[in-house]
Trainee: 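Pasting a structure below so you can have a look.
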Amino acid sequence: MSSSFEVVDAAYSSFYTKTDYPVTKILRDSVYVEVQLLKKTDSLLVLTLGRCWVTGGPNPSSLPQWEIITDGCPNKDDHYLSSLIPVVSSSGLDFPSHYRRFLFKMFTLVDRNSLQPLKKQVYIHCSTAVCQAMPGRNCEPSCASKMKRDVEAVDQMNAEPKIVASVGPVIMEQ
């Protein structure tokens, strides 16, 4: 295992609880995010991320929004690209397919016209679904090309209903 993966694995070894929020980060600090499928023991179930985005408030529909993950892949329009972090079977987790991890660099939302910072806090939201792995069905998105995304690789038609998971606020400190 390379040292960069060791650092990332260490970042996912402890977690914030609801009482730890708000969390404070400095601009461009790495923000490590993990989404987990809870209370399931079927090793054929795969948690999928459709879209992950940030808002300035706790409501996932509030504006403005910025997409971090689109169709399970890093947002190609983000200059500080997020990174998907693989959860491998050697991670010590009972069901690695029940986890999705990514990181992004802390930023602040800005007004589209004036480019002035709006809020120095963000809330993170992810739409998730569960896919059942089986021969002929790939539950993993293909993110190899930034220009082309294999959206059909994730069989969302046979997945459980989508659920939005949210956390925050994460406050940007200068």
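Everything quoted here is computed from the prediction, not taken from an experiment. Residues: numbered from 1 along the sequence shown.
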Trainee: Taking atom OH of Tyr16 and atom OH of Tyr32, what is their separation to the nearest 0.5 Å?
Mentor: 10.5 Å

Trainee: Using the rule given for side-chain contact (heavy atoms from CB on, under 4.5 Å), can you reason through Tyr123 versus Ser62, listing the C-alpha separation, both sets of side-chain angles and the distance that settles it, and then say yes or no?
Mentor: CA-CA 10 Å; Tyr123 288 78; Ser62 65; over 6 Å; no

Trainee: Is there a path of hydrophobic side-chain contacts, each under 4.5 Å between heavy atoms, that joins Val87 and Leu37?
Mentor: no

Trainee: When you measure from the side chain of Thr128 to the backbone N and O of Ile163, does any donor-acceptor pair fall under 3.5 Å?
Mentor: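 Such a contact is found between Thr128 side chain and Ile163 backbone.
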
Trainee: So, Arg51 side chain and Glu67 main chain: donor-acceptor pair closer than 3.5 Å or not?
Mentor: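 Pair absent, no side-chain N/O of Arg51 close to backbone of Glu67.
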
Trainee: Between Gly57 and His125, what is the shortest heavy-atom contact and its length?
Mentor: O-NE2, 3.8 Å

Trainee: Would you please test Phe104 and Ile124 for side-chain contact (heavy atoms from CB on, under 4.5 Å) and show each step?
Mentor: CA-CA 11 Å; Phe104 67 93; Ile124 306 163; 4.0 Å; yes

Trainee: When clusters are formed by joining ILVMFWY residues with side-chain heavy atoms under 4.5 Å apart, either directly or through shared neighbours, do Val33 and Phe107 land in the same one?
Mentor: yes

Trainee: Is Val23 reachable from Ile68 through a run of I, L, V, M, F, W or Y residues, each pair having side-chain heavy atoms under 4.5 Å apart?
Mentor: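 Yes, Ile68 and Val23 fall within the same hydrophobic cluster.
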
Trainee: Within the distance-only criterion (no hydrogens, no angle test), does the side chain of Thr70 pair as donor or acceptor with the backbone N or O of Asn75 below 3.5 angstrom?
Mentor: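 Between the backbone of Asn75 and the side chain of Thr70 there is no qualifying donor-acceptor contact (under 3.5 Å).
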
Trainee: Could you tell me the separation between the NZ atom of Lys105 and the CZ atom of Arg28, rounded to the nearest 0.5 Å?
Mentor: 10.0 Å

Trainee: If you look at every heavy atom in Ile171 and Pro22, which pair is closest and at what distance?
Mentor: CD1-CB, 3.4 Å

Trainee: I'd like to know if the side chain of Asp71 and the backbone of Cys73 have a donor-acceptor N/O pair within less than 3.5 Å.
Mentor: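 Between the backbone of Cys73 and the side chain of Asp71 there is no qualifying donor-acceptor contact (under 3.5 Å).
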
Trainee: I need the minimum non-hydrogen distance between Gln65 and Thr55, along with the two atoms involved.
Mentor: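 Taking Gln65 first and Thr55 second, the nearest heavy atoms are CG-CG2, 3.6 Å.
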
Trainee: Between atom CD of Gln132 and atom CE of Met134, what is the distance when rounded to the nearest 0.5 Å?
Mentor: 4.5 Å

Trainee: Would a hydrophobic clustering, with Ile, Leu, Val, Met, Phe, Trp and Tyr connected at side-chain separations under 4.5 Å, put Leu47 with Leu84?
Mentor: yes

Trainee: Is the shortest side-chain heavy-atom distance between Cys143 and Pro74 below 4.5 Å?
Mentor: yes

Trainee: Can any side-chain N or O of His98 pair as donor or acceptor with the backbone N or O of Asp42 at less than 3.5 Å?
Mentor: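 Yes, because the side chain of His98 sits within donor-acceptor range (under 3.5 Å) of the backbone of Asp42.
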
Trainee: Please answer: with hydrophobic residues joined when any side-chain heavy atoms are less than 4.5 Å apart, are Ile69 and Trp66 in the same cluster?
Mentor: yes

Trainee: For Val46 and Arg100, what are the C-alpha separation, side-chain angles and deciding distance, and is it a side-chain contact (heavy atoms from CB on, under 4.5 Å)?
Mentor: CA-CA 9 Å; Val46 177; Arg100 286 291 176 248; 3.3 Å; yes

Trainee: Indicate the atoms forming the closest heavy-atom contact of Gln121 with Gly56, along with that distance.
Mentor: NE2-O, 3.4 Å

Trainee: For a 4.5 angstrom cut-off between non-hydrogen side-chain atoms, does Lys40 reach Phe95?
Mentor: no

Trainee: Can you tell me if Tyr21 has over 12 outside heavy atoms packed within less than 6.0 Å of its OH?
Mentor: yes

Trainee: How close do Cys139 and Thr48 get, counting heavy atoms only, and between which atoms?
Mentor: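 Closest approach of Cys139 to Thr48: O-CG2, 3.4 Å.
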
Trainee: Would you confirm whether Ser97, through its side chain, and Leu45, through its main-chain N or O, come within 3.5 Å as a donor-acceptor pair?
Mentor: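 At least one qualifying donor-acceptor pair exists.
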
